[in-house]
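Data first, discussion second: the structure below is written as structure tokens.
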Amino acid sequence: MLTIEERFPRPSVMGVVNVTPDSFSDGGVHYEPGVAVTAARRMHAEGAAIVDVGGESTRPGSDGVSVEEELRRVVPVLEDLAGDVPVSIDTAKAEVARRALELGAVMVNDVTALRADPELAGVVAEAGAYLCLMHMQGEPRTMQVDPRYEDVASEVAAFLEERLTFAVAQGIPEERICLDPGIGFGKTLEHNFELVRRLDVLLALGRPVLIGFSRKSSLGRVAGDPDAKTGPLSASVAAAVAAYERGATILRVHDVREHLEALAVARAVAGNVVITVELRGLRVFGRHGVHEHEQRDGQDFLFDVDLEVGDRGTSDRIEDAVDYSAVARAVQELSDAHRYDLLEALATAIADELLRRFGAQRAVVRVTKPGVRPGGLEGLAGVSVSRP
Ligand code: HH2
């Protein structure tokens, strides 16, 4: 099975079809199964990589619906789409997810990040489905009553890191999981925009990020209506492009064609660039090696690092770029943290941690021992590891 990055290359669009009478922006529009199916097929034909079908509104102030009611809403739609449109099921209920996956859905989008239903993780793991873990402060009924954070980006990232660890421990491979800061879920307007501005904090967890800003009320308010309940299409597109430029992979949107057109332009501007941060000849003292004297006396090691970071930095904003001093410090810190017998293990551990910390797509770590004469000859001996 493809990893989530392979299945959903940057940028991919997730179309939204709410089979509900009360969703905040398309409530009632797709409540009839036939209308929902037609909308899903249209979104797929327009280029959506996946269509997110939901039978329960999570808008601020909403109460939940029963399993029976949620199934009643989504099952006819999923039966009709039956495998010819890639579907994600927007649910927090294991029973709904199970039925949707049986009917061909490939992703579970859980706005509670596996906190609401203890059975859901097992259902996702067993089906080998993709999973979206989303952050929410509070619950839909009350979440917009005075949401507070000390530092919204790090708190959301810490929460998602914990939920990611939980999901992996439940048997869901990390390569199938994406993360979502949950725009509008227990957040003020300022929190929503700060989360996009500081997306690098979330990207550092090493998973693709999904953003759902489409039509949300913060957009309407920034665009000039202080009482807005929804946001206009133009503002939704701007938010999606801004999120993409800061590293988001999947954009969850109601208006697929318009978003894809705008994202195609943003992508052309970025020029499909792949930046590699390169560090050469980093000299780090360490106590690695199979010989007792190597661990006792220590020696210098030379590191070369290549870190592929997509187009980060092409914006010419320092905050978007990967800081090479931070990469160098991380190599030193990781070498100090543990004694390895083998350079292979040392280089692999460092490459994996660099991928995770810096949200890189690929890491190559080369390590050599300049003090050692291989076979008694002049020269350098070492290893190189490439991850993933
Ligand atoms: N937003 C909504 C619902 N599900 N899932 C993810 N992963 N991310 C989001 O931002 C997100 C979501 C709310 O939008 P919508 O589906 O249009 O409305 P409602 O919840 O009222 O059905």
Side-chain angles (χ1 to χ4, degrees), residues 4 8 12-31 36 39-40 43 48-65 69-70 73-74 77 87-93 96-97 105 107-116 120 124 130-137 139-141 143-144 156 159-160 163 167 177-187 191-193 195-196 199 202 207-220 229-233 236 239-240 243 248-256 259:
I4 197 161
F8 300 99
S12 285
V13 157
M14 169 187 269
V16 180
V17 175
N18 289 311
V19 195
T20 58
D22 56 345
S23 286
F24 80 96
S25 79
D26 64 345
V29 176
H30 301 130
Y31 196 36
M43 290 178 187
I50 193 157
V51 176
D52 195 33
V53 176
E56 175 179 53
S57 172
T58 47
R59 74 181 195 290
S62 62
D63 289 316
V65 297
E69 177 59 16
E70 207 175 316
R73 293 176 183 181
V74 298
V77 177
V87 166
S88 145
I89 180 74
D90 186 353
T91 191
K93 299 187 180 76
V96 175
M107 183 188 283
V108 174
N109 172 25
D110 178 11
V111 298
T112 75
L114 302 179
R115 290 177 299 159
L120 184 53
V124 176
Y130 297 110
L131 173 67
C132 179
L133 294 171
M134 196 195 80
H135 174 272
M136 164 165 35
Q137 186 183 85
E139 47 164 359
R141 212 165 40 76
M143 66 191 177
Q144 288 309 101
V156 166
F159 169 88
L160 289 173
R163 297 320 293 160
I177 302 175
C178 66
L179 305 176
D180 179 348
I183 300 298
F185 286 84
K187 279 134 199 144
H191 293 144
N192 290 331
F193 287 103
L195 282 165
V196 175
L199 209 61
L202 209 53
R207 303 310 311 137
V209 168
L210 183 151
I211 295 283
F213 222 139
S214 176
R215 297 194 188 170
K216 288 189 178 162
S217 62
S218 295
L219 300 173
K229 293 279 176 282
T230 64
L233 169 59
S236 304
T249 294
I250 305 176
L251 290 313
R252 182 181 184 276
V253 310
H254 300 81
D255 306 279
V256 168
H259 278 84

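All ligand and atom numbering here is 1-based and tracks the order in the structure. Owing to the predicted nature of the structure, the values given are computational and were not obtained by experimental measurement. These numbers come from the heavy atoms of this one structure, side chains and all, not from hydrogens, waters or symmetry mates.
- Between C132 and ligand 1 there is a heavy-atom distance shorter than 4.0 Å.
- Looking at N109, I250, V53 one by one, the single match for side-chain contact (heavy atoms from CB on, under 4.5 Å) with S88 turns out to be N109.
- Contacts between T58 and ligand 1 below 4.0 angstrom, taking non-hydrogen atoms only, involve backbone and side chain alike.
- Considering all non-hydrogen atoms of both residues, V51 and A40 come closest at CG2-O, 3.7 Å.
- Put simply, part of F185 is less than 4.0 Å from ligand 1, judged by heavy atoms.
- Ring geometry, F213 versus F193: the interplanar angle falls from 30° to 60°, so the pair is classed tilted.
- Annotation: side chain of L233 is in contact with side chain of H259 (closest heavy-atom distance under 4.5 Å).
- Within the 4.0 Å heavy-atom shell around ligand 1 one finds K216.
- Contact atoms of ligand 1 toward V111: 4 (N), 5 (N), 12 (C) (distance under 4.0 Å to a heavy atom of the residue).
- No heavy atom of T20 sits closer than 4.0 Å to any atom of ligand 1.
- Residue H254 touches ligand 1 through its side chain alone, judged by heavy-atom distances below 4.0 Å.
- Checked against R73 for a side-chain contact (heavy atoms from CB on, under 4.5 Å), the options N18, T20, V96 give a single hit: T20.
- Closest of all the heavy-atom pairs between P232 and G220 is CD-CA, 3.8 Å.
- Neither the backbone nor the side chain of I211 has a heavy atom within less than 4.0 Å of ligand 1.
- Between D52 and ligand 1, no pair of N/O atoms sits closer than 3.5 Å.
- With respect to the salt-bridge test (charged N to carboxylate O, under 4.0 angstrom), the residues D90 and R252 qualify.
- Only the side chain of M134 comes within 4.0 Å of ligand 1, counting heavy atoms alone; its backbone N, CA, C and O stay farther away.
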